2 protein chains.
Amino acid sequence: MHDDLRPLCERFLTAAELLGRRWTGIILRILLDGPCRFGELTERIGGISERVLSERLKELEAEGVIERHVDPGPPIRSEYRLTEKGQAFWKVFHELGQWAEQWADVKPAPKPDVKPAAKPASRDAKSARAAPRKRKTA
Amino acid sequence: MHDDLRPLCERFLTAAELLGRRWTGIILRILLDGPCRFGELTERIGGISERVLSERLKELEAEGVIERHVDPGPPIRSEYRLTEKGQAFWKVFHELGQWAEQWADVKPAPKPDVKPAAKPASRDAKSARAAPRKRKTA
DNA sequence: CAAGTAACTTCCTAAAAGTAAGTAGATGCC
DNA sequence: GGCATCTACTTACTTTTAGGAAGTTACTTG
């Protein structure tokens, strides 16, 4: 099908877990546009709590993906920026952006046979799931 | 810096949220290797609970990224496979794999001035964080 | 010196994820 | 025929993680 992405190895799992934590993707995406301060990140992300932002930033720093710089110019500000390791995510986000442009949120697929009106209840949700083996064998 | 990924738009957020849920990345990555049944997924993912796997699969199905097929050949099995929308994630995972190969889990960066032995405590953790503005002005 | 700001942290509640056991249909074994 | 087994989930309950709001520290400004 597409044969150059086989290794479901530990490294990949690490990467997937990193991106699999809520907000990390958006944080990295914003930092790819350039360094950003705490408050600025809070605003630009929109919806994240300061508690969690602080947590995520510390995690990302511990993982060596971002760095924290304190600029002591009298107004004193701290800012977060990507390390080389973080910058290397660029391509991932580029491809994710491409995917998003083509597929995100628009109608499920070019050949939808289910009506794309209501997203949930893709199969009764309640009834047909626990007992899907309806076949009475004949 | 790299200028073709500006739109931090809604579509991108959708995509980031999709990948930002725990396990979705790994699930999609496995399905990129081909269709898979429930139990098989449980095993190959390793560590996910059936409750959450079931939940994730339903979410992904509702988002049109995967499809569920029930094969009623007497041993009866259901299998999950990517839709076209899901297949389109291939490039994202390819890049993520590349990143992982080069950066994941190996030493933080080519220029570490902090000893790379212990990951946590990147700055005392407790003491220096709440009061980072140490400058006595003069 | 009171008020304001930036960057966090602490506390307390709400929403996910983990654990384990249960359900439902179809066999297989004796 | 009855019981154990398998697959694919669901339900009930606990733990972890996220959210909301207010507090803290070091300054700056009026």
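Chain letters run A, B, ... following the sequence lines, proteins first, then strands; residues in each count from 1. Quick caveat, the model's predicted, so the values are computed rather than measured.
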Engineer: Please tell me if A:Arg22 has a side-chain N or O lying less than 4.0 Å from either OP1 or OP2 of D:dT16.
Structural biologist: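 Indeed not, no polar side-chain atom of A:Arg22 lies that close.
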
Engineer: A:Ser54 side chain N/O closer than 4.0 Å to the phosphate oxygens (OP1, OP2) of C:dC8?
Structural biologist: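 For C:dC8, OP1/OP2 do not have a side-chain N/O of A:Ser54 under 4.0 Å.
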
Engineer: Is there side-chain contact between B:Val52 and B:Arg56, with at least one heavy-atom pair below 4.5 Å?
Structural biologist: yes

Engineer: Of the options C:dA7, C:dA17, D:dC9, whose atoms approach the side-chain atoms of B:Arg68 most closely?
Structural biologist: D:dC9

Engineer: Would you say a side-chain N or O of A:Tyr80 is under 4.0 Å from OP1 or OP2 of C:dC8?
Structural biologist: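 Yes, within the criterion.
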
Engineer: Look at the side-chain N and O atoms of A:Ser78 and state whether any lies under 4.0 Å from the OP1 or OP2 oxygen of C:dA6.
Structural biologist: no

Engineer: So which atom in B:Glu79 and which in B:Arg37 form the shortest heavy-atom distance, rounded to 0.1 Å?
Structural biologist: CB-CG, 3.9 Å

Engineer: Pick the nucleotide of DNA chain D nearest each of A:Glu50 and A:Gly47; which residue has the one closer to the 5' end?
Structural biologist: A:Gly47

Engineer: Can you check whether B:Lys58 has a side-chain N or O nearer than 4.0 Å to OP1 or OP2 of D:dT10?
Structural biologist: yes

Engineer: In whole angstrom, what separates B:Glu17's CD from D:dA18's P?
Structural biologist: 14 Å

Engineer: Looking only at the side chain of B:Arg51 (C-beta and beyond, no hydrogens), which of the listed nucleotides D:dC9, C:dT10, C:dT19 gets closest?
Structural biologist: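 From the listed options, C:dT19 comes nearest.
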
Engineer: What is the ring orientation for A:Trp90 with A:His94, classed by angle as parallel under 30°, tilted 30 to 60°, or perpendicular over 60°?
Structural biologist: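 A:Trp90 vs A:His94 ring planes: parallel.
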
Engineer: Taking only N and O in the side chain of A:Arg56, is any of them less than 4.0 Å away from OP1 or OP2 of D:dA18?
Structural biologist: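 Yes, such a contact exists.
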
Engineer: Does D:dA8 have its OP1 or OP2 closer than 4.0 Å to a side-chain nitrogen or oxygen of B:Arg37?
Structural biologist: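 Indeed, a polar side-chain atom of B:Arg37 lies that close.
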
Engineer: Between B:Lys58 and B:Glu55, is there a side-chain N and carboxylate O pair less than 4.0 Å apart?
Structural biologist: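 Not counted as a salt bridge, because no side-chain N and carboxylate O are separated by less than 4.0 Å.
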
Engineer: If you compare every side-chain N and O of B:Trp23 against the phosphate oxygens of C:dG18 (OP1, OP2), does one of them come in below 4.0 Å?
Structural biologist: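 For C:dG18, OP1/OP2 do have a side-chain N/O of B:Trp23 under 4.0 Å.
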
Engineer: Nearest to the side chain of A:Phe38, which nucleotide is it out of C:dG18, D:dC9, C:dC8?
Structural biologist: C:dC8

